[in-house]
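Keep in mind that what you see is a predicted model, and the values were worked out from it rather than measured.
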Amino acid sequence: MQSGRIGRLAAVAGAVLLTGACTQATGVAGVGATSPATPPATTAAATPAPTPEHQAAAEQPPAASAPVNVPPPTLSKHTYTFPVKDCETTYQRKLLVLPKTTIWAQEGCAFVAPVGGVVDEVNTQDRWNPATDAGPDREGRFVTIIGDDGVRYLGGHLESVAEGIEPGVRVKVGRLLGRVGRSGNARDTGSNLYFAISWKTGPAYWWVRRGMVEPWDYLDAWQSGNRTFSPREQTLKLRKKLGETPPCTVLCASRQQPAEPSKTPKPRPTRGNDDNRGSDDVVTINPEIAPFD
């Protein structure tokens with residue numbers, strides 16, 4: 001009987017040893033006894049090498065989209081235009097003697113209203129005399145308008161004044177006012193438009209009319225497409241600072257013509273005489289609109 005028990009124990013021990021050997025070979029809980037000699041094959045497809053055509057296409061930048069035209073901002077309720085129409089122009093952009101600018105253009109080019117308004121002063125006669133160089137005559141033939149923005153605009157050195165342009169006439173922006181020329185003290189220069197910005201005064205204060213506000217920033221804006229950039233605020237500010245009729249400070253005096261002895265009295269100037277400085281040649285009215293209302 002004892003020998004039979006020993007035999008059964010031996011059989012159980014042998015079974016245990018056999019089971020351990022199998023477990024060591026396959027690994028327990030995912031831990032292998034030995035590493036495989038070669039990695040297992042993967043099932044993912046290999047990525048093909050890029051061809052030269054594909055690589056060239058990848059290096060090309062994306063096609064640019066069409067530019068979006070953004071309109072300039074609206075800066076005022078008024079609409080402006082460059083005062084010389086359909087002609088090549090150049091003009092100064094800095095202060096030389098007076099706060100005005102000379103717009104160089106071919107003789108006969110159109111001078112147009114830079115803004116809608118009312119015609120104020122019209123001078124159809126060229127009375128400038130180099131011997132006296134009188135201040136009121138230096139711009140030769142000219143037209144001024146009081147814009148709907150309350151600002152006065154002057155175009156001088158005109159060859160002619162347009163038909164129908166008279167004091168009190170209402171004009172739209174771009175209306176023909178005259179033709180570029182060489183009247184006044186531009187007689188010996190190239191044709192040009194004397195362009196000035198100021199505020200309304202009477203003809204006696206001609207130095208205000210000839211320019212108080214530097215105009216080139218506004219000309220730049222109107223020429224480049226920003227048609228609502230207005231000089232109203234700057235003009236109002238300067239008029240408040242200097243007063244409506246400030247004294248003349250630059251190029252004020254005329255040359256004194258030497259007196260010639262004469263035994264007979266000189267004839268008095270007649271109305272409409274082109275060689276005299278009769279007041280009938282410059283016409284002005286109070287426009288229907290009040291400046292800076």
Side-chain angles (χ1 to χ4, degrees), residues 69-85 89-103 111-122 139 142-156 167-175 177-178 193-251 284-293:
N69 293 324
V70 179
T74 300
L75 302 177
S76 75
K77 66 179 181 180
H78 305 288
T79 301
Y80 300 86
T81 192
F82 195 79
V84 177
K85 185 178 180 182
T89 61
T90 58
Y91 55 92
Q92 67 185 40
R93 291 177 172 84
K94 61 181 179 179
L95 179 64
L96 295 179
V97 179
L98 297 170
K100 56 86 180 180
T101 193
T102 301
I103 303 177
F111 163 48
V112 300
V115 68
V118 175
V119 177
D120 183 34
E121 293 179 281
V122 177
E139 283 72 65
F142 66 82
V143 174
T144 69
I145 70 168
I146 306 298
D148 292 334
D149 56 0
V151 178
R152 177 167 61 180
Y153 301 89
L154 162 71
V169 171
R170 173 162 285 279
V171 295
K172 295 181 179 180
V173 58
R175 167 80 179 269
L177 301 179
L193 178 74
Y194 184 111
F195 185 74
I197 297 175
S198 63
W199 52 85
K200 179 173 173 56
T201 56
Y205 301 95
W206 51 267
W207 54 88
V208 177
R209 177 186 68 210
R210 69 184 180 180
M212 300 297 291
V213 177
E214 297 176 353
W216 39 85
D217 287 345
Y218 306 102
L219 293 174
D220 286 346
W222 303 340
Q223 190 174 54
S224 62
N226 191 334
R227 300 183 62 190
T228 61
F229 188 38
S230 175
R232 173 185 167 86
E233 182 178 350
Q234 181 64 24
T235 304
L236 178 59
K237 180 179 178 181
L238 189 60
R239 190 187 74 164
K240 183 178 180 180
K241 176 182 178 181
L242 300 180
E244 185 176 341
T245 55
C248 183
T249 58
V250 180
L251 296 179
T284 182
I285 66 162
N286 291 323
E288 299 173 358
I289 57 173
F292 305 115
D293 283 350

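Only one option out of F82, Y80, W216, F229 pairs with W222 in a ring pair (Phe, Tyr, Trp, His ring centres under 6.0 Å); it is Y80. Each of V118, L177, V143, V115 was evaluated against V171; a single residue qualifies, L177, per the side-chain contact (heavy atoms from CB on, under 4.5 Å) test.
Taking CG from L242 and NZ from K237, the interatomic distance works out to 11.5 Å, rounded to the nearest 0.5 Å. For the atom pair Q234 CD and D217 CG, the distance stands at 9.5 Å (nearest 0.5 Å). In this structure, OH on Y194 lies 10.0 Å from OG1 on T101, to the nearest 0.5 angstrom. Note that CG of L193 is 10.0 Å distant from OG1 of T89, once rounded to the nearest 0.5 Å.
Nearest heavy atoms, R152 versus W199: NH2-O, 2.9 Å. Of all heavy-atom pairs between A204 and W207, the closest is O-CZ3, 3.5 Å. Annotation for M212 and P246: closest pair CE-CG, 4.0 Å, computed over non-hydrogen atoms. For the pair V208 and S198, the tightest heavy-atom approach, listed with the atom from each and the gap, is O-CB, 3.1 Å. Of all non-hydrogen atoms in K200 and I146, the two that sit nearest each other are CB-CD1, 3.6 Å. Scanning both residues, A196 and R209, for their nearest heavy atoms gives CB-O, 3.9 Å.
R232 and D148 are not joined by a salt bridge, as no carboxylate oxygen comes within less than 4.0 angstrom of a charged side-chain nitrogen.
Ring centers of Y153 and Y218: at least 6.0 Å apart, outside the cut-off.
Between the side chain of T144 and the backbone N or O of L154 there is no donor-acceptor pair closer than 3.5 Å. Between the side chain of Q92 and the main chain of K100, a donor-acceptor pair closer than 3.5 Å is present.
Side chains of I145 and V119 form a contact here, defined as non-hydrogen atoms less than 4.5 Å apart. Two residues are said to be in side-chain contact when any heavy atoms from C-beta on lie closer than 4.5 Å; P83 and L219 meet this criterion.
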Inset, instruction - Please step through side chain to side chain contact (heavy atoms under 4.5 Å, CB included) for the pair D149 and T235, ending with a clear verdict. - result: CA-CA 10 Å; D149 56 0; T235 304; over 6 Å; no
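For T81, the side-chain contact (heavy atoms from CB on, under 4.5 Å) criterion is met by V112, V173, R227, not counting sequence neighbours.
Geometrically, R93 engages Y91 in a cation-pi contact, judged by NZ or CZ lying under 6.0 Å from the ring centre and within 45° of the ring axis.
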